[in-house]
Student: 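Can you keep this structure in mind? I'll have questions shortly.
In this text the structure is predicted, and so the values were computed from the model without any measurement. Reckoned from all heavy atoms, side chains included, excluding hydrogens, waters and symmetry mates. We number each residue from 1, following the sequence as shown.
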Amino acid sequence: MATPTISATALNGRHHRTALAIFMVIVVAHWAEHLVQAMQVYVWGWPLSEARGVLGMPFPWLVTSEWMHYGYALLMLVGLVLLRKGFTGRSRTWWNISLGIQVWHHLEHLLLLLQKLSGVYLMGRPAPTSILQLVAPRMELHLFYNAVVFAPMVVAMLLHRRPAEQTGATCSCAVAH
């Protein structure tokens, strides 16, 4: 039996609303993991080594897996690229801002993964270190990255749902007023 495939045209056309919903579930679940980890540290007073988010509690290796973190950064990048053509006007501008920030975030995770694989760490640090980790701790930096990728993405999606923003759009994501 052949596996059904969805073309990029259909993904940004008749399946755009569904694809955006699935993408947002993934994004919000990841965002929630970072927020839970921050709560574990700042609200409950756990040491950072014990604060592993929700999934990291039963699967502690997830927190230290550079492959998992890189895979998510890549998934975000691919999702932002694949779903981009469905956006027009101001919503496209905001989606592009999110995409641009995610390109940098992805490069930071690629740097971390390459360090982990090679055993050679940035500036002789004892562990894989991203460029902005030289000035900000990793947990707080990832909260920041998630916020600055998520915020323009949400603005783009809210604008995208306005009928006035649908000029030239190939989907039917707009909500009738």
Student: To the nearest 0.5 Å, tell me how far Thr64 OG1 sits from Met68 CE.
Tutor: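 Here the interatomic distance stands at 8.5 Å.
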
Student: With rounding to the nearest 0.5 angstrom, report the CG to CG distance, Leu77 to Leu107.
Tutor: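 So the CG of Leu77 and the CG of Leu107 are separated by 8.5 Å.
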
Student: List in chain and number order the residues that pass salt bridge (Lys or Arg N to Asp or Glu O under 4.0 Å) with Arg17, two or more places apart in sequence or in another chain; answer none if no residue qualifies.
Tutor: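 Once residues adjacent in sequence are excluded, Arg17 has no partner under the salt bridge (Lys or Arg N to Asp or Glu O under 4.0 Å) criterion.
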
Student: Kindly give the heavy-atom pair with the smallest separation between Gly86 and Ala169, and that separation in Å.
Tutor: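 Of all heavy-atom pairs spanning Gly86 and Ala169, the closest is O-CB, 4.2 Å.
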
Student: Mind checking the CG-CH2 spacing from Leu159 to Trp95? Nearest 0.5 Å is all I need.
Tutor: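 Nearest 0.5 Å value for the CG-CH2 distance: 12.0 Å.
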
Student: Tell me whether Leu112 shares a hydrophobic cluster with Val103, the cluster being built from Ile, Leu, Val, Met, Phe, Trp, Tyr side chains joined at under 4.5 Å.
Tutor: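 Different clusters.
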
Student: Report the C-alpha separation of Glu33 and Leu62 in whole Å, then their side-chain angles, then the decisive distance to 0.1 Å, and conclude whether the side chain to side chain contact (heavy atoms under 4.5 Å, CB included) test is met.
Tutor: CA-CA 11 Å; Glu33 282 290 326; Leu62 284 176; over 6 Å; no

Student: Look only at the side chain of Arg84 and the backbone of Arg92, and say whether a donor-acceptor pair between them is shorter than 3.5 Å.
Tutor: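 No: the side chain of Arg84 does not pair with the backbone of Arg92.
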
Student: Would you check if Trp104 and Leu132 make a side-chain contact, meaning some heavy-atom pair closer than 4.5 Å?
Tutor: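 Yes - at least one pair of side-chain heavy atoms lies under 4.5 Å apart.
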
Student: Shortest non-hydrogen contact from Tyr72 to Val27?
Tutor: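 In terms of heavy atoms, the two residues are closest at OH-CA, 3.5 Å.
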
Student: Would you mind writing out the side-chain donor-acceptor pairs for residues 42-53 within the sub-3.5 Å range, not counting sequence neighbours?
Tutor:
{"unit_1": "Tyr42", "atom_1": "OH", "unit_2": "Glu140", "atom_2": "OE2", "d": "2.1"}
{"unit_1": "Arg52", "atom_1": "NE", "unit_2": "Gly56", "atom_2": "O", "d": "3.1"}

Student: Minimum heavy-atom separation for Ser98 to Leu80, with atom names?
Tutor: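 Heavy-atom minimum between the residues: OG-CD2, 3.8 Å.
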
Student: Nearest 0.5 angstrom please: Cys173 SG to Arg14 CZ, how far?
Tutor: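 So the gap between those two atoms works out to 13.5 Å.
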
Student: What's the verdict on side chain to side chain contact (heavy atoms under 4.5 Å, CB included) for Met153 and Gln102, showing C-alpha distance, side-chain angles and the deciding distance?
Tutor: CA-CA 11 Å; Met153 184 188 316; Gln102 185 58 29; over 6 Å; no

Student: Could you walk me through whether Thr129 and Met123 pass side chain to side chain contact (heavy atoms under 4.5 Å, CB included), step by step?
Tutor: CA-CA 9 Å; Thr129 304; Met123 299 184 70; over 6 Å; no

Student: Which of parallel (below 30°), tilted (30 to 60°) and perpendicular (above 60°) describes His105 and Tyr145?
Tutor: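 Ring orientation of His105 relative to Tyr145: parallel.
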
Student: Check whether Leu20 and Ile22 end up in the same hydrophobic cluster, where Ile, Leu, Val, Met, Phe, Trp and Tyr are linked by side-chain heavy atoms less than 4.5 Å apart.
Tutor: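 Same hydrophobic cluster.
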
Student: I'd like to know if the side chain of His34 reaches the main chain of Met139, judged simply by a donor and an acceptor atom lying under 3.5 Å from each other, with no hydrogens or angles considered.
Tutor: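 Here the side-chain-to-backbone pair does not exist.
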
Student: Considering residues, nucleotides and ligands other than Phe144, do more than 12 of their heavy atoms fall under 6.0 Å from its CZ?
Tutor: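 Check fails, neighbour count at 12 or below.
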
Student: Quick one: are Leu122 and Leu134 in side-chain contact, heavy atoms under 4.5 Å?
Tutor: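 A side-chain contact exists here, since the closest heavy-atom pair is under 4.5 Å.
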
Student: For Cys171, does its backbone N or O pair with a side-chain atom of Asn12 as donor and acceptor, under 3.5 Å?
Tutor: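 No.
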
Student: Quick check on the hydrophobic clustering: are Leu55 and Leu75 connected, directly or via other members, by side-chain heavy-atom contacts under 4.5 Å?
Tutor: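 Different hydrophobic clusters.
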
Student: Quick one: closest heavy-atom pair of Thr167 and Ala164, and the distance?
Tutor: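 It is OG1-O, 3.8 Å.
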
Student: May I ask you to decide if Leu111's main-chain N or O and Gln115's side chain share a donor-acceptor pair within less than 3.5 Å?
Tutor: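 Yes, the answer is positive, given that a donor and an acceptor are paired below the 3.5 Å cut-off.
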
Student: Is a donor on one side and an acceptor on the other found under 3.5 Å between the side chain of His69 and the backbone of Val63?
Tutor: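 Yes; at least one donor-acceptor contact below 3.5 Å.
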
Student: Specify the closest pair of heavy atoms between Met57 and Pro60, including all atoms of both residues, with the distance to one decimal.
Tutor: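 The answer is O-CD, 3.9 Å.
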
Student: How far does CG of Leu11 sit from OG1 of Thr18, to the nearest 0.5 angstrom?
Tutor: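 If I round to the nearest 0.5 Å, the distance is 9.5 Å.
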
Student: Would His30 and Ile26 count as a side chain to side chain contact (heavy atoms under 4.5 Å, CB included) if you check the C-alpha gap in whole Å, the side-chain angles of each, and the deciding distance to 0.1 Å?
Tutor: CA-CA 6 Å; His30 180 251; Ile26 294 166; 5.7 Å; no

Student: Do we see a donor-acceptor contact under 3.5 Å between the side chains of His142 and His109?
Tutor: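 His142 vs His109: donor-acceptor pair found between side chains.
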
Student: Does one hydrophobic cluster hold both Leu74 and Leu114, with members joined at side-chain heavy-atom distances below 4.5 Å?
Tutor: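 Linked, Leu74 and Leu114 end up in one cluster.
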
Student: Rounded to the nearest 0.5 Å, how far does CH2 of Trp94 lie from CG of Leu158?
Tutor: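 It comes to 11.5 Å.
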
Student: May I ask whether Trp67 and Phe59 are part of the same hydrophobic cluster, defined by side-chain heavy atoms of I, L, V, M, F, W, Y residues being less than 4.5 angstrom apart, directly or through others?
Tutor: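 Hydrophobic grouping puts Trp67 apart from Phe59.
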
